[in-house]
Amino acid sequence: MERTVIDNKENLIGYSREELRRLFQEWGEPAFRGDQVYKWLYNKGAVSFDEMSNLPKTLREQLAAHFRLGALTLIAREVSADGTEKYLWELRDGHRMESVLIPEERRTTLCISSQVGCALACAFCATGKMGFLRHLTTGEIVEQVLAAQRLSDHTITNVVFMGMGEPFLNYNRVIQAARILGDPEGLAIANRRITISTSGIVPAIRRFARDKEPYGLAISLHSPFQHIRQQIMPIAETFDLRDLLDSAREYVSQWRHKRITFEYVLLKGVNDRPEDARELIRLLSPLRAKLNLIPYNDCDLGFEAPDDARLNRFLEPLMRAPFTVTVRKNRGNDISAACGQLYVKVMKNERTPRSRKKSVDKIIPLK
Ligand code: SAH
Ligand code: SF4
């Protein structure tokens, strides 16, 4: 597994339990030291090797000589009027990415990134406009949760891979991160409360199904018609609707009760007609599905959200759908923290001013 190495010190965050055990064995130490460090990293959220009080001092020093603890620097934190918070992180190589914390009455969700930018260029998505810059490492993924938990007063109960990037194009690192997040001796977030959202990378969905990964799966559908879907999501040309639904079937057939969530950003005149609703019912009824309608967050990309009259005409047939239909609440709009608004301008060859105000300016407000 490759990791970011900048100052010759590798980031220890991201190491799996097995990797830690192996590390200590290579150092001629008992493997259980790996278990101890694993707990310090993920369960106790240690920020220094000094804290690891059940390790001999020499071992703590050896760790500190070889490793760093963490690779994210917080450069901006914005709090929305509704309590949503956005964190802008700088990585060791100067790239930036974001996480969004959404506190609700009975749960707090952290929306995390899996890549810097995204190669898939969906027409309605601001992150897509950045292009692909790089994958995040397992450590950079896990640390978003560790660091947000440290910063926030809310206990993070749910994690969704709905920030920047396509998690299924960074499959191994994302799954390794999910393992650590879901491990009772790691961050101890219930597996079913970790959800991976994909634009429809069919081979990865099949692998996820066959491996019986215990995490939730969300598929960004956005149209029940192939010709429309491929107009707004170029990846649909590679993995077509029929294959996608077939892979979704494979996923639900692996489980007795699990449902699959289909995400659907409502775009006026594109996918909000009653016939879209009727076709959705036809396609999704045979599956154990949930449909999550997402209000389009305007990012100046040439789309509009439907007005109330159109929305009601679209929703009408869906009232009789044999599956659950939910409409996502629009949160954090005043800080551009809502889905699809995550867009960080990466300034090449420019040192980042660390003051909060200047950094915030670099989040392009897309409204
Ligand atoms: N790449 C993955 C996960 C990140 S995007 C995916 O596409 O599923 C998370 C969700 O935000 C997706 O459902 C995506 O379609 C949605 N999204 C993107 N742009 C949006 C916008 N402008 N308004 C509302 N939702 C958007
Ligand atoms: Fe990438 Fe998802 Fe945005 Fe599409 S919607 S460009 S897959 S992040």
Side-chain angles (χ1 to χ4, degrees), residues 84 97-100 102 109-136 141 144 158-171 174 177-178 194-202 204-205 208 215-223 228-239 244 247-248 260-268 270-272 290-306 311 326-333 336-344 364-367:
T84 302
M97 52 90 189
E98 299 173 346
S99 325
V100 176
I102 308 149
T109 304
L110 188 73
C111 175
I112 60 174
S113 297
S114 57
Q115 300 179 318
V116 185
C118 182
L120 300 186
C122 299
F124 47 82
C125 173
T127 304
K129 289 284 163 275
M130 289 172 72
F132 172 73
L133 293 164
R134 75 163 167 87
H135 293 302
L136 293 184
I141 297 170
Q144 292 172 64
N158 294 56
V159 170
V160 295
F161 284 83
M162 294 184 188
M164 289 182 173
E166 169 49 54
F168 274 180
L169 290 181
N170 190 12
Y171 191 90
V174 162
I194 299 170
T195 300
I196 303 178
S197 169
T198 178
S199 58
I201 311 295
V202 169
I205 297 172
F208 188 81
Y215 317 109
L217 179 63
I219 294 180
S220 294
L221 188 62
H222 308 326
S223 171
I228 295 174
R229 195 165 183 269
Q230 72 184 37
Q231 275 174 25
I232 53 175
M233 307 177 74
I235 190 65
E237 287 170 34
T238 310
F239 303 115
L244 178 62
S247 68
I260 191 164
T261 302
F262 287 91
E263 292 161 280
Y264 197 94
V265 177
L266 284 162
L267 304 169
K268 183 175 174 181
V270 177
N271 63 5
D272 66 342
K290 234 181 332 188
L291 178 64
N292 188 206
L293 303 171
I294 309 173
Y296 169 64
N297 293 303
D298 199 348
C299 318
D300 261 352
L301 296 172
F303 295 94
E304 267 180 80
L311 185 62
T326 52
V327 182
R328 185 178 295 171
K329 261 189 276 168
N330 231 333
R331 301 276 309 250
N333 253 346
S336 301
C339 261
Q341 291 185 329
L342 301 185
Y343 180 113
V344 179
I364 300 187
L366 289 157
K367 302 193 59 170

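What you see is a predicted model, and the numbers here were worked out from it, not measured in a lab. Just so you know, ligand 1 is whichever comes first in the structure, and atom 1 is the first atom listed for that ligand.
Under a 4.0 angstrom heavy-atom cut-off, Phe168 registers as lying outside contact with ligand 1. Heavy-atom distances between Gly165 and ligand 1 reach below 4.0 Å in at least one pair. For the pair Cys111 and ligand 1, no heavy-atom separation below 4.0 Å is found. Contact between Met164 and ligand 1 is absent, with no heavy atom of the residue lying under 4.0 Å from the ligand.
Using a 4.0 Å cut-off to heavy atoms of Ser220, the atoms of ligand 1 that qualify are 6 (C), 7 (O), 8 (O), 12 (C), 13 (O), 15 (O). Contact atoms of ligand 1 toward Glu263: 10 (C), 12 (C), 13 (O) (distance under 4.0 Å to a heavy atom of the residue). Listed by atom number, the atoms of ligand 1 under 4.0 Å from Tyr296 heavy atoms are 21 (C), 22 (N), 23 (N). Counting the atoms of ligand 1 from 1 in the order shown, those under 4.0 Å from a heavy atom of Thr198 are 6 (C), 8 (O). Atoms of ligand 1 found under 4.0 Å from any heavy atom of Cys299, numbered from 1 in the order shown, are 22 (N). For ligand 1, the atoms closer than 4.0 angstrom to any heavy atom of Phe161 are 3 (C). Each of the following atoms of ligand 1 lies closer than 4.0 Å to a heavy atom of Ile294: 24 (C), 25 (N).
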For this session: Please test Phe161 against Ile194 for side-chain contact (heavy atoms from CB on, under 4.5 Å), starting from the C-alpha separation and ending with a verdict.
Result: CA-CA 8 Å; Phe161 284 83; Ile194 299 170; 4.0 Å; yes

For this session: Please assess Thr195 against Asn158 for the test side-chain contact (heavy atoms from CB on, under 4.5 Å), listing each intermediate value before the final yes or no.
Result: CA-CA 8 Å; Thr195 300; Asn158 294 56; over 6 Å; no

Problem set entry | Residues Leu120, Ile201; criterion side-chain contact (heavy atoms from CB on, under 4.5 Å); working and verdict | CA-CA 11 Å; Leu120 300 186; Ile201 311 295; 4.1 Å; yes

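Contact annotation: for Glu166 versus ligand 1, heavy atoms closer than 4.0 Å belong to both the backbone and the side chain. Only backbone heavy atoms of Pro295 (N, CA, C or O) come within less than 4.0 Å of ligand 1; its side chain stays farther off. Contact annotation: for Ser197 versus ligand 1, heavy atoms closer than 4.0 Å belong to both the backbone and the side chain. Counting heavy atoms under 4.0 Å from ligand 1, residue Asn297 touches it through both backbone and side chain. Within the 4.0 Å heavy-atom criterion, neither part of Phe303 lies near ligand 1. Contacts between Thr127 and ligand 1, counted as non-hydrogen atom pairs separated by less than 4.0 Å, are absent for every part of the residue.
Residues forming a salt bridge (Lys or Arg N to Asp or Glu O under 4.0 Å) with Lys290 (at least two apart in sequence, or on another chain): none. Listed by chain and number, the residues in a ring-ring contact (aromatic ring centres under 6.0 Å, His included) with Tyr215 amount to none (sequence neighbours excluded). Every residue two or more places apart in sequence or in another chain that forms a ring-ring contact (aromatic ring centres under 6.0 Å, His included) with Tyr171 is listed here: Phe168.
Under the 4.5 Å side-chain criterion, counting only non-hydrogen atoms from C-beta, Leu266 is not in contact with Tyr296. Counting only heavy atoms from C-beta outward, the side chains of Phe208 and Ile196 approach each other to under 4.5 Å. Taking 4.5 Å as the limit, every side-chain heavy atom of Met130 sits out of range of all side-chain heavy atoms of Cys118. Contact of the Leu136 side chain with the Val116 side chain is registered, since non-hydrogen atoms from C-beta on lie closer than 4.5 Å. Proximity of Thr198 to Glu166: side-chain heavy atoms (C-beta onward) are separated by under 4.5 Å at one or more points.
A donor-acceptor pair under 3.5 Å links the side-chain atoms of Asn170 to the main chain of Ser114, judged by distance alone. Thr261 places no side-chain N or O within donor-acceptor distance of the main-chain N or O of Ala218, the cut-off being under 3.5 Å. In this structure, Asn271 contributes its side chain and His222 its backbone to a donor-acceptor pair below 3.5 Å.
Distances from atom 3 (Fe) of ligand 2 to the protein include at least one heavy-atom value under 4.0 Å.
The two residues His135 and Leu169 have their closest heavy-atom pair at CE1-O, 2.9 Å. Shown here for Gly200 and Leu244, the closest heavy-atom pair between the two residues is CA-CD1, 3.6 Å.
Distances from atom 3 (Fe) of ligand 2 under 2.8 Å pick out these protein N/O/S atoms: Cys125 SG.
An N or O contact shorter than 3.5 Å is missing between Gly163 and ligand 1 by distance.
When the heavy atoms of Leu120, Ile219, Val265, Thr261 are ranked by distance to atom 26 (C) of ligand 1, first place goes to Val265.
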